[in-house]
Structure formats: C-alpha cells, structure tokens
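In what follows, a single structure is set out as structure tokens and then discussed.
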Amino acid sequence: MMMPANFSVVAENEMTYVVGGGVIEAIGSVTAPIWTTANVKTFNTNLVTIIGNSYVSKLVGATLGVMFGGNWGGDGPMSSFFGDNGSLSGIVKYGIAGGSKELNGFNKFMQVVGLGAAVYQLGTNETKKYVKEVKFLGTTGKI
C-alpha cells in the first residue's frame, strides 16, 4: 500500500501526521532573518533605558536630595540612605510611588532592579545641562 510521505504506518484508526508545527515554522522562517543579535541588544538597551528613566528622579532625590536637603546625618526621616528611615530603604520597601503598604519580596527585588537601571542610565549617558539650556538673562539684561 502506498502512503504519503508525511504519514507513519500505524494502525488504521491511529494515523497521524509526522510533520507538524507548520504555523510556527512559517512564523519562524519569516521573523528569524529580521530578529538578529543586534535587534536583541537594541531591545535590551531600550528596555533598561525605559526602566531607568522612571527611576532616575527618585534615585537622585533619595541620594543627592538627602545629602543636600539640610538633614544629612540627623535623626529624623530622610536623613540617611539605609536603615528604617533611609531614603533608599523607603523606595525598596514601599516602591517609587511611595505607598503605605510594604511590598512583597519579588516587588522589592524589582525596585532594586529599577534602581540599578537608573544607576546604569546615570553612568552611561550625559545629563541635561541646565545652564546651557536656559537663558538666565533676558534681552533687557535683567534676571
């Protein structure tokens, strides 16, 4: 008996296709040439940039804001980075939104990842120069 090439010889009531996954194979053959390692690198870099951008202002506020806020080394809240009242500890415990409910372990880990992305952003990109971007003196010479 002649059988098509894509069939196995099994019992008549159990004939099945040997070749499968045609849809997945078709999608892969179309997208694989487009999605290269350069695309993966760009995707990952953009993802870190997006995450980092949302955390940069909170990170700067929690570090430089504490240092130059007038209460550095004091006993009150926002006088240190770590500890129960620390600014960075507050971000990790309650998130960048600053809620009142403490986050679970996974979400705390994600806050640390976000802060790490912000540090990466600050270390790999130039910041906006305020003095260069803003005119302090008007056309009349007055501030």
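Keep in mind the model is a prediction, meaning the values are calculated, not measured. Each residue takes its place number in the sequence, starting with 1.
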Which atom pairs, one a donor and one an acceptor, fall under 3.5 Å between side chains of residues 113-124 and the rest of the protein, sequence neighbours left out?
from: Gln121; atom 1: OE1; to: Asn125; atom 2: ND2; distance (Å): 3.2
from: Gln121; atom 1: NE2; to: Asn53; atom 2: OD1; distance (Å): 3.1
from: Thr124; atom 1: OG1; to: Tyr120; atom 2: O; distance (Å): 2.8

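Contact between Lys93 and Lys108 at its shortest, heavy atoms only, is CA-CE, 4.2 Å. Closest approach of Gln111 and Tyr55 over heavy atoms only: OE1-OH, 3.1 Å. A pairwise comparison of heavy atoms in Asn107 and Leu103 identifies CB-CB, 3.9 Å as the closest pair.
Neither Leu47 nor Phe109 shares a network with the other; the hydrophobic side chains, linked directly or stepwise wherever heavy atoms of I, L, V, M, F, W or Y lie under 4.5 Å apart, form separate groups for each. Placement of Val56 and Val112 within a single hydrophobic cluster is found when ILVMFWY residues are connected by side-chain heavy-atom separations under 4.5 Å, directly or transitively.
Atom CG in Leu64 sits 8.0 Å away from atom CG in Leu59 (nearest 0.5 Å). Put simply, CD1 on Ile91 and OG1 on Thr63 are 8.5 Å apart, with the number rounded to the nearest 0.5 Å.
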Please report the C-alpha distance between Tyr94 and Lys101 in whole Å, then the side-chain angles of each, then the deciding distance to 0.1 Å, and finally whether the side-chain contact (heavy atoms from CB on, under 4.5 Å) criterion is met.
CA-CA 6 Å; Tyr94 304 108; Lys101 183 180 176 188; 5.9 Å; no
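For residues 51-63, there are no salt bridge (charged side-chain N to carboxylate O under 4.0 Å, His left out) pairs, not counting sequence neighbours.
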